[in-house]
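Structure, as structure tokens:
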There are 2 protein chains.
Amino acid sequence: MTTMLAHPTRDEIRIASVLHALADPVRLEIVRALAVHEEGISCGLLPLGVTASTLTHHVRTLREAGVVRVRPQGTSRISSLRRDDLDALFPGLLDGVLAARR
Amino acid sequence: MTTMLAHPTRDEIRIASVLHALADPVRLEIVRALAVHEEGISCGLLPLGVTASTLTHHVRTLREAGVVRVRPQGTSRISSLRRDDLDALFPGLLDGVLAARR
DNA sequence: ATCGTACTACGACATTCATCAAAGTACGAC
DNA sequence: GTCGTACTTTGATGAATGTCGTAGTACGAT
């Protein structure tokens with residue numbers, strides 16, 4: 001757990017990376033959950049049906065793309081949506097994705 | 001060239017498929033070009049730097065995801081953005097993607 | 001210090017996928 | 001019909017990726 005937790009700055013976020021990060025069912029589910037919990041949550045609590053190591057991979061993908069921000073808290077990692085950055089860069093994108101009924 | 005050119009109906013379009021279709025640099029470029037040409041264009045004319053068979057693959061991916069509509073015209077295929085359907089299903093998504101500066 | 005919990009790192013594996021080349025099909029022009 | 005153009009199909013290939021298990025690290029509680 002020694003890792004740095006690097007996050008891209010706002011101007012480093014690329015639309016292609018964001019779209020790729022969102023284009024996975026598990027990650028989409030994570031994003032949907034984070035959209036409901038503004039304050040952020042530990043993704044390990046979500047009923048996603050994948051192992052812990054797979055979840056780590058997905059959260060890292062979202063973090064490195066600039067979709068979520070992750071902060072350590074005790075033995076947990078609290079993830080939250082970078083809504084402000086995403087809305088500023090790609091206005092409407094996140095709302096459009098979240099509006100999807102399926 | 002006997003192919004059916006099947007398109008998903010609006011209610012068959014899935015957000016995961018759309019995001020996957022958009023999450024490729026070449027396909028993003030196609031979508032950007034189509035956004036400028038409301039009437040539709042032959043994608044073969046775009047300077048995309050890929051072979052014809054690769055282009056066929058990308059246009060099919062976009063078509064099957066419901067992002068573009070393709071109609072035969074002579075020996076060409078005219079592609080156009082399904083903006084109405086996408087805006088209805090995922091309001092803001094397309095505009096957000098197109099607003100991206102990089 | 002020991003234990004349990006939460007997460008990460010490293011491999012391994014199977015699948016998906018972007019890409020191309022070669023051969024084939026459809027259409028228009030001549 | 002013949003030719004050329006535009007696109008598709010098939011097969012191959014290498015890279016990326018989602019998944020897991022195992023082992024390891026960090027932190028809190030006892």
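- In this structure, Leu55(B) places its CG atom 13 Å from P of dT9(D), rounding to the nearest Å.
- Formation of a donor-acceptor pair under 3.5 Å by the Arg14(A) side chain with backbone atoms of Glu12(A) is found in this model.
- In this structure, CZ in Arg60(A) is found 11.5 Å from CG in Leu62(A), a value given to the nearest 0.5 Å.
- Contacts classified as salt bridge (Lys or Arg N to Asp or Glu O under 4.0 Å) and involving residues 21-34 of chain B (residues at least two apart or in different chains) are not found.
- As rounded to whole Å, 16 Å separates atom C1' of dG18(D) from atom CD of Glu29(A).
- Contact annotation: Thr75(A) does not reach the phosphate of dC27(D) (side-chain N/O to OP1 or OP2, under 4.0 Å).
- For Leu89(A), the side chain to side chain contact (heavy atoms under 4.5 Å, CB included) partners are Arg10(A), Ile13(A), not counting sequence neighbours.
- Applying the salt bridge (charged side-chain N to carboxylate O under 4.0 Å, His left out) test to Arg83(A) and every residue at least two apart in sequence or in another chain returns Asp95(A).
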Contact pattern, 5' to 3', of nucleotides 13-19 of chain C - B, S or - by protein heavy atom under 4.0 Å: ----SSB

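- Spacing between atom CD of Glu64(A) and atom P of dA16(D) amounts to 14 Å, rounded to whole angstrom units.
- Here dC7(C) presents its P atom at 11 Å from CD1 of Ile30(A), a figure rounded to the nearest Å.
- Close to dT8(D), at under 4.0 Å from its OP1 or OP2, lies a side-chain N or O of Arg77(B).
- Where the helix from dA1(C)-dT30(D) to dC30(C)-dG1(D) starts and where it ends, the local axes point in directions that differ by 30°; five pairs per end, rounded to 10°.
- Between Ser76(A) and dC27(D), a side-chain N or O to OP1/OP2 separation shorter than 4.0 Å is absent.
- Taking the salt bridge (charged side-chain N to carboxylate O under 4.0 Å, His left out) definition, one finds that Arg69(B) meets it with Asp85(B), sequence neighbours left out.
- Look at CG on Leu48(A): it is 15 Å from P on dA6(C), rounded to the nearest Å.
- One distance of note links CD of Glu64(B) with CG of Leu5(B); it measures 10.0 Å at 0.5 Å rounding.
- Arg63(B) places a side-chain N or O within 3.5 Å of a backbone atom of Ala6(B) that can act as its donor or acceptor partner.
- Atom CD of Glu38(A) sits in a sparse spot, with 12 or fewer heavy atoms from other residues, nucleotides or ligands closer than 6.0 Å.
- Atom P of nucleotide dC27(D) and atom CD of Gln73(A) are separated by 13 Å, given to the nearest angstrom.
- Close to dC7(D), at under 4.0 Å from its OP1 or OP2, lies no side-chain N or O of Arg60(B).
- One atom, CG of Leu5(A), and another, C1' of dA9(C), lie 14 Å apart when rounded to the nearest Å.
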